[in-house]
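Structure record follows, encoded as structure tokens.
Everything quoted here is computed from the prediction, not taken from an experiment. Each chain gets a letter, A, B and so on, in the order its sequence line appears, and its residues count up from 1.
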Amino acid sequence: MRSDFNQKVWSALKLIPRGRVATYKEIARFIGNFKAARAVGQACGRNSKAPRVPCHRVVKSDGSLGGYSGGVNKKIYLLKQEGLKIVKSKIENFKKKKFEFI
DNA sequence: ATAAGGGCACCGC
DNA sequence: CGCGGTGCCCTTA
């Protein structure tokens with residue numbers, strides 16, 4: 001619904017370069033509501049807009065993939081395709097792969 | 001306007 | 001290290 005929040009989320013998502021990942025919390029913080037990590041995730045998956053943002057590049061703060069509207073395995077697949085490695089449902093070298101906004 | 005749900009984060013056990 | 005409970009926020013019905 002093009003709420004400011006949603007739009008900001010998508011903008012942040014689009015800023016994530018290929019092969020990098022961001023956390024919901026980071027995004028939330030980037031937007032200004034660093035407590036809205038949850039809302040961020042929904043904004044991504046629910047994005048009412050057609051150009052689906054790379055929501056698969058967003059993961060949980062602990063490095064786990066979190067969830068995905070189309071299925072977690074799909075998310076894993078996409079991430080792997082971008083050069084990321086998934087081990088035990090978690091991102092290898094997550095700290096290094098994490099893209100920092102701000 | 002209220003209620004419920006949801007791709008989280010953090011803390012305690 | 002895994003599980004459960006709590007807190008915070010946003011969207012939709």
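Side-chain contact between A/H56 and A/Y68: present, with at least one pair of heavy atoms (C-beta onward) separated by less than 4.5 Å.
In this entry the distance linking NZ of A/K60 with P of B/dC10 reads 10 Å, nearest Å. A/K8 places its NZ atom 11 Å from the P atom of C/dT11, with the value rounded to the nearest Å. Atom-to-atom, CG of A/D62 to C1' of B/dA9 comes out at 9 Å; the value is rounded to the nearest Å. We find that CG of A/N33 is positioned 10 Å from P of C/dT11, with the value rounded to whole Å. Whole-Å rounding puts the A/F34 CZ to B/dC10 C1' distance at 13 Å. Across the protein-nucleic acid pair, A/F94 atom CZ and B/dC8 atom P stand 13 Å apart, rounded to whole Å. Rounded to a whole Å, the CD atom of A/Q7 is 21 Å from the P atom of C/dC9. Put simply, CD on A/E26 is 21 Å from P on B/dG7, counting in whole angstrom units.
At B/dC8, none of the side-chain N or O atoms of A/S61 fall inside 4.0 Å of OP1 or OP2 (strictly under the cut-off). OP1 or OP2 of C/dT11 has at least one side-chain nitrogen or oxygen of A/N6 nearer than 4.0 Å. Between A/S3 and C/dT11, a side-chain N or O to OP1/OP2 separation shorter than 4.0 Å is present. Remark: A/T23 is not in phosphate contact with B/dC8, judged by side-chain N or O atoms under 4.0 Å from OP1 or OP2.
At least one donor-acceptor pair closer than 3.5 Å links the side chain of A/T23 to the backbone N or O of A/E26. Side-chain atoms of A/W10 never come within 3.5 Å of backbone atoms of A/P54 as a donor-acceptor pair (strictly under, hydrogens ignored). Put simply, the side chain of A/S11 gets close to the backbone of A/Q7: a donor and an acceptor are under 3.5 Å apart. Formation of a donor-acceptor pair under 3.5 Å by the A/D62 side chain with backbone atoms of A/S64 is found in this model.
Nearer the 5' end of DNA chain B, as judged by each residue's closest nucleotide, is the contact made by A/V58, out of A/K25 and A/V58.
Using a 4.0 Å heavy-atom cutoff across all strands shown, A/A39 reaches at least one base atom of the nucleic acid. Within 4.0 Å (heavy atoms only), A/Y24 reaches at least one base atom of the nucleic acid.
Listed candidates were C/dC10, B/dG6, B/dA9. Nearest to the side chain of A/R38 is B/dG6. The nucleotide whose nearest atom lies closest to any side-chain atom of A/K75 is, among C/dT12, B/dG5, B/dG7, B/dG7. When distances are taken from the side chain of A/C55 to each of B/dG5, C/dC9, B/dG7, the shortest belongs to B/dG7. The side chain of A/A37 has B/dA9 as its nearest neighbour among C/dT12, C/dC9, B/dA9.
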One pair to check against side chain to side chain contact (heavy atoms under 4.5 Å, CB included): A/F99 and A/V21. What are the steps and the verdict?
CA-CA 6 Å; A/F99 174 71; A/V21 293; over 6 Å; no

Dot-bracket, DNA chain B: Watson-Crick or G-U, under 3.5 angstrom, [ ] crossing, | other strand?
.|||||.||||||

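A side chain to side chain contact (heavy atoms under 4.5 Å, CB included) with A/R57 holds for exactly one of A/K75, A/R18, A/K97, A/K14; it is A/R18.
Within 6.0 Å of atom CZ in A/F101, more than 12 heavy atoms from other residues, nucleotides or ligands are found, so the atom counts as buried in its surroundings.
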